[in-house]
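This is a predicted model, so every value here is computed, not measured. This chain uses plain numbering: 1 for the first residue, then up along the sequence.
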Amino acid sequence: MPDLLLELRSEEIPARMQRKAAGDLKKMVTDALVDAGLTYEGAREYWTPRRLTLDIRGLTARSADIKEEKKGPSVSAPQGAIDGFLRGAGLTSIDQAIIKTDPKKGDFYVAYMEKPGRAAEEIIADVMPGIIRAFPWPKSMRSGFASMPKGSSFGGIEGKGMESLRWVRPLQSIVCTFGPEHDEVQVIPFEIDGIVAGNVTYGHRFHAPDAITVKRFDDYVSSLERAKVILDAERRKDMILHDARDIAFANGLELVEDEGLLEEVSGLVEWPQVLLGTFEEDYLSIPAEIIRLTIKTNQKCFVVRPQGQPDKLSNHFILISNIQATDGGREIMHGNGKVVRARLSDALHFWKRDQGDLPDLDTLKASAAKFDLDLRKPLDQRMAKLDALNVTFHAKLGTQGERVARIRALAKVLAPIVGADAALVDRAVVLAKADLRTEAVGEFPELQGAMGRKYALLQGENASIAAAIEDHWKPNGPSDRLPEDKVGLTVALADKLDTLVGFWAINEKPTGSKDPYALRRAALGVVRMILEKGIRLPIASVAKDADLLSFFHDRLKVYLRDQGARHDIIDAVLTPEADDLLMVARKAEALTAFITSEDGLNLLSGTKRATQLLAAEEKKGTVVADGVSEALLKLDAEKSLFAAIQSASKSAAEAVASEDFRSAMQALSTLRGPVDKFFEDVLVNDEDAAIRANRLALLKAIREATATVADFSKITG
């Protein structure tokens, strides 16, 4: 079976777009081929900075013939309907149709149409121009003849009246070959925007700029490699990573690995060459985070550290070149070093200025008094500046200063609940956002919090306060660490709760997949801190909104399911008004462990039958007594059940009060025998309405007793 090779070669594609674009190309082409009646054995996509490539193996050479039955009108239909049927079926005479009979509808015409299959080459040539024109680039540009102004021409082709191609960067050539593994392949020469698909590509822009004629995928890959192009992005990444590790090790260093940067640089080069650059040791006085981001952001280079010293950086960096230099890379390293040194010089300037006094301290006194700030300290000055400038947090939620004031008030309430030192919490809150006004964070927003911690320590703040400044942003996801201590937990909880309450108040809630303010992440962070740190926080008292409480419940469900809890068990322990998320989680944990035991099976069996029958009678409107009257208990089985309910309820209530949910369930499981005996010996729907209502009250007492732990009717099985 034949294989298809497709290459779309252009000017440099932004690295961040390459992987998705190659995947989009694979999906669009294979979907189109399958929709046209072809099948294939396998397909794989590839990408480099200058090309998207698709290798499709075992493509059928032709789509199958299709036979279709087209139902027509009744034989007694007017001539116009019959003529329309003939045109739609491609018939010239009604004699070419056959007549079928339906017992209800009578006789009607039917046409049998045959659509012959199409050659794969024809299908490919047909679908490819549309795919290329409709390609979903996040950003694209017009190029080619059709993008020229009206009336202009190039090579005799006028720009007027043509639909110009939009591509991420100007498309330069297309390779499209098709054929069996061992026979001759053919070119499928479709055309788009003046570019005709062929069998010619080009290698490395500098090392091998000449044309390369290719046949099928294997020789295409080897020809490109001879022309200094590594087609496989994963192989380029592997080469870069191992060469970087090796060159670092050879110089007594260790690579600081960065998967995101590795992905990016592999999309910047077709022939990766790893080199070691250097900068002056004086720059190592800058915090490591700033050095790393300066070198990464501006030069796409990796930093290295001395072997065995994870907290220290070296004055070297690793750069990835796309050129195999004749001088061993000395000129490239020198040029990159000059740029790195210039950027580090800027970073050093930021670092020093952030530790100095602001020039307008006299204008900051009112803000300083508002937040109990000490204007002799640089970080305090920055917080005062943040407030004095009235920097907007959100148009409907006020300024950053107003937000800090809200967080401060909330943190004061939370501190005793978490068990944190109130004075340390207050100081951490008023400094938590101060680094927003530092030049380091202005240059690198991702250092927010981390720089605040460093500046806090430099001005002599308590270590717990400094840690809380960094940690109040955490956790930033399901795998991110939690704040280090109770001070940080309190500030982080206050920050996230203020965000959630505020956006709920202005009705800016997540909708569908849209969550521009990361409110789901904030709520999950609150859930994680409460559950993983054992914080007993009444969410409803903070949320003050049933819908927000429900939102927390949704995040709690996500968290518990990720921890392995069954959805029915979560539903059984989570009531709409539950605001003690820690208790809900502990109930779910205990119920998960208990439910499959013999006692657990007894508990389910003993309660489900009772509660289901009660629910059915309530739905019918049957009267249920407000409480059980012992005087109306006539049979031994109902008397025994009532005694068992009283005993089990008392034991379960005591266990729940001490949060020993397993013991509570153990006590309730003893109802299994009395319940079974009750249903064997007692007719619930007695003719006497009072007795019937009393017996239903017995079942209601079972439901009330078990409800202290869970709604067992929601558990499947």
Side-chain angles (χ1 to χ4, degrees), residues 527-528 530-534 536 553 555-616 628 636-682 684 698-717:
V527 169
R528 282 192 60 201
I530 288 174
L531 269 52
E532 294 176 29
K533 294 297 183 179
R536 182 56 48 74
H553 286 176
R555 295 306 97 197
L556 176 64
K557 289 178 182 179
V558 170
Y559 178 87
L560 293 177
R561 283 199 295 266
D562 287 345
Q563 299 298 309
R566 282 168 28 188
H567 69 88
D568 58 328
I569 287 179
I570 298 171
D571 290 341
V573 298
L574 184 59
T575 60
E577 65 278 359
D579 76 338
D580 188 338
L581 305 187
L582 182 60
M583 183 175 285
V584 171
R586 288 177 175 172
K587 283 183 179 180
E589 182 182 11
L591 185 53
T592 298
F594 186 77
I595 205 69
T596 55
S597 67
E598 184 177 350
D599 285 339
L601 296 174
N602 285 334
L603 175 61
L604 282 180
S605 178
T607 59
K608 268 196 169 184
R609 188 175 180 185
T611 55
Q612 287 173 350
L613 190 152
L614 174 64
V628 177
D636 289 343
E638 55 185 333
K639 293 176 183 178
S640 297
L641 177 58
F642 182 56
I645 292 171
Q646 289 180 307
S647 175
S649 296
K650 182 175 182 294
S651 298
E654 292 172 351
V656 167
S658 60
E659 297 190 14
D660 183 357
F661 302 113
R662 185 177 182 88
S663 293
M665 288 183 278
Q666 198 102 32
L668 294 169
S669 71
T670 61
L671 294 175
R672 167 73 184 272
V675 167
D676 286 349
K677 185 65 174 171
F678 175 83
F679 281 113
E680 287 174 11
D681 297 354
V682 178
V684 176
L698 264 179
L699 303 186
K700 185 179 179 182
I702 294 173
R703 185 172 68 187
E704 290 172 346
T706 56
T708 59
V709 178
D711 182 352
F712 293 100
S713 68
K714 292 184 177 179
I715 298 178
T716 58

Residue list, salt bridge (charged side-chain N to carboxylate O under 4.0 Å, His left out) with E704, at least two apart or on another chain: none
Would you compute the distance between atom CG of D660 and atom CE of M665 and round it to the nearest 0.5 angstrom? 9.0 Å
With a 4.5 Å limit on heavy-atom distance, are the side chains of L591 and F661 in contact? no
If every non-hydrogen atom of V675 is compared with every non-hydrogen atom of L641, which pair is closest and at what distance? CG2-CD1, 3.8 Å
Min side-chain heavy-atom separation R609-F678 under 4.5 Å: no
Pairwise distance CG(D580) to CZ(R536) - rounded to 0.5 angstrom: 4.0 Å
Answer yes or no: is there a donor N or O on one side and an acceptor on the other, between the side chain of D571 and the main chain of K714, under 3.5 Å? no
The reported gap from CG in L603 to CD1 in I715 (rounded to nearest 0.5 angstrom) is 7.5 Å
Heavy atoms only: give me the nearest D599-S669 pair and the separation to one decimal. O-CB, 3.2 Å
Residue that, paired with L671, satisfies side-chain contact (heavy atoms from CB on, under 4.5 Å) out of D676, N602, I645: I645
Do the side chains of L668 and T607 get nearer than 4.5 Å, heavy atoms only? no
Spell out, as yes or no, whether a donor-acceptor pair under 3.5 Å connects the side chain of K677 to the backbone of D636. no
Using a 3.5 Å distance criterion without hydrogens, assess whether the side chain of S647 forms a donor-acceptor pair with backbone atoms of A643. no
For the pair T670 (side chain) and A667 (backbone), establish whether a donor and an acceptor sit closer than 3.5 Å, ignoring hydrogens and angles. yes
Would the distance check show the side chain of S597 and the main-chain N or O of F594 forming a donor-acceptor pair, the cut-off being under 3.5 Å? yes
Between CD of E589 and CG of L531, what distance do you get to the nearest 0.5 Å? 9.5 Å
Are K700 and V628 side-chain neighbours, meaning at least one heavy-atom pair lies under 4.5 Å? no
Can you find a heavy atom in the side chain of V527 that is under 4.5 Å from one in the side chain of L581? yes
So with a 6.0 Å cut-off around CD of E680, is the heavy-atom count from everything else above 12? yes
Can you tell me how far apart CZ (R566) and CD1 (I595) are? Round to the nearest 0.5 Å. 7.0 Å
Please check this pair: side chain of S605 against backbone of L601, looking for a donor-acceptor N/O pair closer than 3.5 Å. no
If you take all heavy atoms of L574 and K557, which pair is closest and at what distance? CD2-CE, 3.6 Å
Rounded to the nearest 0.5 Å, what's the gap from CE on M583 to CD on E659? Could you check? 4.0 Å
